[in-house]
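What you are looking at is a predicted structure, and each value in this text was computed from that prediction instead of being measured.
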Amino acid sequence: MAKHKKLTLSTLESFLEEACEKLRGNMDASEYKEYIIALLFFKRVNDHFQEEREVRRKNIMARNGGKPVDDTELDKSNAPEYSFFVPEAARWDTVKQAKANVGNEINVALAAIEEVNVGLEGVLTAIDFNKTAGKAKGDKADNKKVSDDDLVDLLVHFDQPRYSLKDENLEFPDLMGAAYEYLIKYFASNAGQKGGEFYTPNEVVKLLVNILQPGPEAEVYDPTVGSGGMLIECKNYGVARYGDEAQMTFYGQEKSISTWSLCKMNMIFHGIMDAQIEREDTLSVPQHKDDSGTELKLFDIVLANPPFSMNYTDPKEHKERFNYWMPKKGKADFMFLQHMVSVLRNNGRMAVIMPHGVLFRGGDEANVRRWLVGKGYLEAVIGLPKALFYGTGIDAALLVVNKEGAAERDEVLFVNADREYKEGKNQNKLRPEDLEKIAYVVHHKLELNKYSRLVKKADLDAENYNLNIRRYVDNAPPATRHDVKAHLAGGIPVTELADLAPLLNAYSGLQNALFVPTTEPYTQFVDTLQSKENLKTTVESGRFVAATQQTYHTALQTWWVTLMPALQELPQSRNVYDLYQHFATTFAQGLTGPVLDLYQTRGAFAAYWDCLLSDFKSVAASGWNAELIPEDEILESQFADVLAELRKNQARRDEIESLFREVNELEEGQWNPDDYEVMPREEVQLLKARLKDYRSQLKEFDKAITTAKKRQRAYQKEQEKAGLLFSSDNELKAIEADLAALESQRQGVLELDIELSLANAKQLDYEEELKLCKKVIADITKRKDDLVAKAREKITEEEAKTLIMARWERTLYSVVDGYLQAHTRTLLAALDSLWTKYETPLAELLTVRAQETKQLDHFLTELGYA
């Protein structure tokens with residue numbers, strides 16, 4: 001049978017997502033992130049402490065000849081076995097018992113851990129589990145951001161034995177760090193505009209690090225460190241490239257206390273215990289000093305993504321950093337850059353993300369550009385695609401500064417990469433091939449047509465140091481050519497067909513199958529192509545696209561068979577990072593060809609590797625664990641109906657939450673009942689208040705009507721005794737009129753009550769349906785864990801190996817096929833454009849017009865108008 005199952009990254013990600021779901025409806029992701037991360041940290045520190053406590057127990061027993069160990073010996077906070085000491089009041093088993101004032105219990109526990117552990121000062125107390133929203137009403141503390149019930153629910157969730165965060169239960173050593181990175185990205189993608197305050201997309205971070213290539217002992221600094229992603233990526237790069245020789249040290253500074261706290265925990269999750277992350281405004285009070293304590297510390301590598309065009313206050317210390325002073329309103333960009341240059345060693349390198357405006361704005365910003373170029377510091381200016389960053393659509397550029405060889409540098413490399421990216425619904429993304437291409441071009445100072453160019457200092461001086469990238473590398477597509485003769489008489493110019501040669505030549509024989517020569521210098525589509533739709537059918541037929549795809553599949557199969565033994569030996573060799581360089585080189589050699597160029601091939605392999613990296617680490621650390629077989633893969637094969645029910649409810653939950661989110665984000669006065677299915681919170685509260693008022697009115701009307709009817713009956717009895725007729729009695733008529741008026745008024749209020757009750761019922765229906773969906777999701781999630789666990793128990797280690805390797809191979813083909821399909825789509829779009837442009841020549845249009853005119857004249861004659 002398969003051996004003990006450990007936590008994989010995918011399992012831990014799902015577990016953490018479920019924790020987020022418990023708070024998702026209560027507040028924005030930018031707010032609830034700190035609660036989830038703090039609880040994860042709290043649980044991890046406790047679990048790891050218990051693990052280390054047992055190690056200490058065994059060590060003491062070994063020294064004392066096996067005698068039992070007293071708890072006082074185990075509870076020495078300075079014991080060498082402890083990474084962090086957890087006092088009694090902060091033990092998980094104590095805190096998880098809390099049922100009232102839960103937020104306070106957690107706050108006290110976090111403060112206790114912070115108090116006895118050097119390096120945690122202010123980190124955990126920066127997060128307040130008793131934080132409130134607005135003012136409480138009366139004496140009721142009903143305005144907490146997270147209620148006691150929700151916190152109890154979270155504690156129960158984190159307390160599941162299956163999700164112990166001890167080292168022995170983790171698939172690979174850096175699993176907690178990888179899970180933290182996943183959480184931060186999850187929060188950023190769900191936090192909207194606020195996501196950019198603490199997270200830079202990992203693809204952009206990788207680009208900076210791959211350009212800078214920090215050395216094995218580099219001192220790395222990020223002056224606007226955020227949650228620490230850039231420092232972590234430098235660490236990952238060092239481990240990948242240098243292995244055990246990587247001895248980098250990390251420094252960072254952050255202004256926001258909550259983001260600083262996240263960064264400190266990020267370092268700890270990744271095992272970086274000596275990172276010097278300081279809290280303050282970098283421009284005003286820089287914190288990192290040299291050994292003398294008077295001068296700023298210098299660094300080998302500096303990288304940052306400062307907030308774009310923010311305001312700043314007068315620097316209080318080390319004003320010598322700034323050669324030029326920017327306006328204080330919205331112009332802090334070059335203040336950050338000057339600070340970064342000032343703390344860069346004479347052989348140091350830096351990269352910083354800046355808004356495009358810094359490349360061409362005048363005033364002192366122009367002086368900074370003149371200074372950067374004149375000193376030879378500026379090595380490269382890279383234009384990035386639009387909408388890469390959370391919370392801003394501002395165009396961005398990457399400035400690369402290199403002090404090494406600055407005195408001899410006479411050129412600046414301009415790279416215009418703003419057209420090469422993967423388009424997303426809300427946010428664009430750099431693809432692996434885009435990263436490979438940019439980094440390769442920068443490292444080798446390549447000049448590529450419409451992509452990169454080396455520009456002399458003298459040329460930049462002639463342009464008054466305007467660094468607008470399009471002045472030097474214009475990558476705008478050429479204007480669409482039109483051949484007048486072809487438009488008049490038909491045909492397709494062979495020169496335009498030649499432009500498609502790089503695409504067409506990837507598919508042997510395709511050009512001859514699509515085009516036939518006519519009068520020189522023209523060609524045309526073959527007669528069998530009756531419509532544009534037939535183009536797609538012809539291109540994708542087995543003789544062309546499928547044949548090329550098969551060529552690549554054959555190369556993939558050869559590569560896979562050759563390298564498969566190295567993957568199978570991972571549990572013994574554990575050389576995950578050594579494999580990457582060897583695999584990447586042989587992959588590029590075996591697959592670069594007519595469809596995929598060098599950058600795309602390297603990008604395809606990088607995409608494949610990134611997709612499965614956590615798997616490779618897990619197998620290297622823990623062998624062929626059935627936990628690596630995805631839950632959905634097991635459910636799909638054995639419990640398809642359960643998975644279908646789960647997905648249906650998840651989809652409906654997202655739809656309803658979207659309805660509520662949409663109306664609650666409307667500006668005041670925008671909502672009306674005809675345009676939206678549900679009501680915003682304010683309208684619901686108003687409706688409930690009005691219903692309460694109407695029902696109070698109905699009670700009063702009922703009382704008044706009952707009283708009027710009693711008066712009516714009493715008066716009628718008195719009249720009957722006196723033998724009088726009712727019909728002429730004015731007092732009785734007055735009573736009846738009052739009664740009729742009351743009943744009419746009551747009916748009016750009742751109709752309003754019914755109308756509002758229906759609206760409220762519709763709202764309640766949606767709320768109840770949402771609750772039901774969440775309940776079904778929770779029930780299935782709980783049940784599916786048991787189903788999957790039982791299924792996995794039956795899988796042997798050899799069977800797990802076979803299944804995992806098969807998925808790795810399928811993923812390989814899937815990734816490469818994605819690139820091949822993208823190439824085919826590009827070709828089809830070009831052919832479609834060519835067809836549309838020259839489909840109908842003028843002569844044919846005139847003939848059709850003459851026929852239509854003749855037909856119209858005939859109709860007019862028949863109608864008597866001619």
Specify the closest pair of heavy atoms between [X] and [Y], including all atoms of both residues, with the distance to one decimal.
X	Y	answer
L16	A179	CD1-CB, 4.0 Å
P214	Y242	O-OH, 2.9 Å
A555	G590	CB-O, 3.8 Å
G229	N266	N-ND2, 4.3 Å

Is there a donor in the side chain of [X] and an acceptor in the side chain of [Y], or the other way round, less than 3.5 Å apart?
X	Y	value
Y186	E13	no
E645	N649	yes
N210	H443	no
E171	S622	yes
N169	S164	no

Salt bridge or not between [X] and [Y]? Use side-chain N to carboxylate O under 4.0 Å.
X	Y	value
K43	D47	yes
K6	E627	no
E203	K206	no

Does [X] have any side chain to side chain donor-acceptor pair (under 3.5 Å) partners at least two apart in sequence or in another chain, and if so, which?
X	value
Q821	none
Q160	H157
D434	R431

Just by distance, do the side chain of E51 and the backbone of D167 share a donor-acceptor pair under 3.5 Å?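 Yes; judged by distance alone, with no hydrogens or angles, the pair exists.
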
Excluding sequence neighbours, so at least two apart, what forms salt bridge (Lys or Arg N to Asp or Glu O under 4.0 Å) with R63?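 Once residues adjacent in sequence are excluded, R63 has no partner under the salt bridge (Lys or Arg N to Asp or Glu O under 4.0 Å) criterion.
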
To the closest 0.5 Å, what do you measure between [atom1] ([X]) and [atom2] ([Y])?
X	Y	atom1	atom2	result
L262	I127	CG	CD1	6.0 Å
L628	D615	CG	CG	5.0 Å
Q50	L74	CD	CG	9.5 Å
K76	Y82	NZ	OH	10.5 Å
I232	D174	CD1	CG	8.0 Å
L570	L579	CG	CG	5.5 Å

Atom CD of Q550 with >12 non-hydrogen neighbours under 6.0 angstrom: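 Atom CD in Q550 is packed in, count exceeds 12.
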
Above 12 or not: heavy atoms from other molecules or residues under 6.0 Å from NZ of K185?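 It does not: K185 NZ has 12 such atoms or fewer within range.
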
Using residues 595-604 as the side-chain source, report each donor-acceptor pair under 3.5 Å to any protein atom, sequence neighbours left out, with the distance given to one decimal.
unit_1	atom_1	unit_2	atom_2	d
D597	OD1	Y599	N	3.1
D597	OD1	Q600	N	2.7
Q600	OE1	D597	N	3.0
T601	OG1	T592	OG1	3.4
T601	OG1	D597	O	2.8
R602	NE	E436	OE1	3.1

Stepwise ring pair (Phe, Tyr, Trp, His ring centres under 6.0 Å) check, W808 with F616: CA-CA 10 Å; W808 289 357; F616 297 150; 4.8 Å; yes

Sub-6.0 Å ring centroid separation between W92 and F49: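 No, ring centres 6.0 Å or more apart.
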
Walk me through it: do F583 and W559 pass the test ring pair (Phe, Tyr, Trp, His ring centres under 6.0 Å)? CA-CA 9 Å; F583 280 21; W559 181 84; 5.6 Å; yes

R53 side chain near D75 side chain, heavy-atom distance below 4.5 Å: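 Result yes, sub-4.5 Å side-chain heavy-atom pair found.
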
As a quick check of understanding, evaluate side chain to side chain contact (heavy atoms under 4.5 Å, CB included) for K801 and T796, giving each step before the final call. CA-CA 9 Å; K801 174 182 175 182; T796 66; over 6 Å; no

Over 60° means perpendicular and under 30° means parallel, so tell me whether F269 and Y180 are parallel, tilted or perpendicular.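 Rings of F269 and Y180: tilted, as their planes differ by 30° to 60°.
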
Specify whether F587 and F605 have parallel, tilted or perpendicular ring planes, treating 30° as the upper limit for parallel and 60° as the lower limit for perpendicular.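 Tilted, since the angle between the ring planes falls between 30° and 60°.
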
Assess whether side-chain hydrogen bond (donor to acceptor under 3.5 Å, both in side chains) is satisfied between E81 and N59, documenting all intermediate values. CA-CA 9 Å; E81 289 87 353; N59 289 344; 3.0 Å; yes

Apply side chain to side chain contact (heavy atoms under 4.5 Å, CB included) to the pair R44 and L170, showing each step before the final yes or no. CA-CA 11 Å; R44 164 62 176 168; L170 307 181; 3.8 Å; yes

Derivation of the side chain to side chain contact (heavy atoms under 4.5 Å, CB included) call for L212 and V220: CA-CA 11 Å; L212 295 178; V220 183; over 6 Å; no

Using side chain to side chain contact (heavy atoms under 4.5 Å, CB included), reason through K422 and N428 one step at a time and then give a plain yes or no. CA-CA 6 Å; K422 179 181 179 181; N428 296 327; over 6 Å; no

Once side chain to side chain donor-acceptor pair (under 3.5 Å) is applied, what residue pairs with a partner in residues 564-573 remain, sequence neighbours excluded?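 For residues 564-573, and leaving out neighbouring residues, the side chain to side chain donor-acceptor pair (under 3.5 Å) pairs sorted by first residue read S573-N575.
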
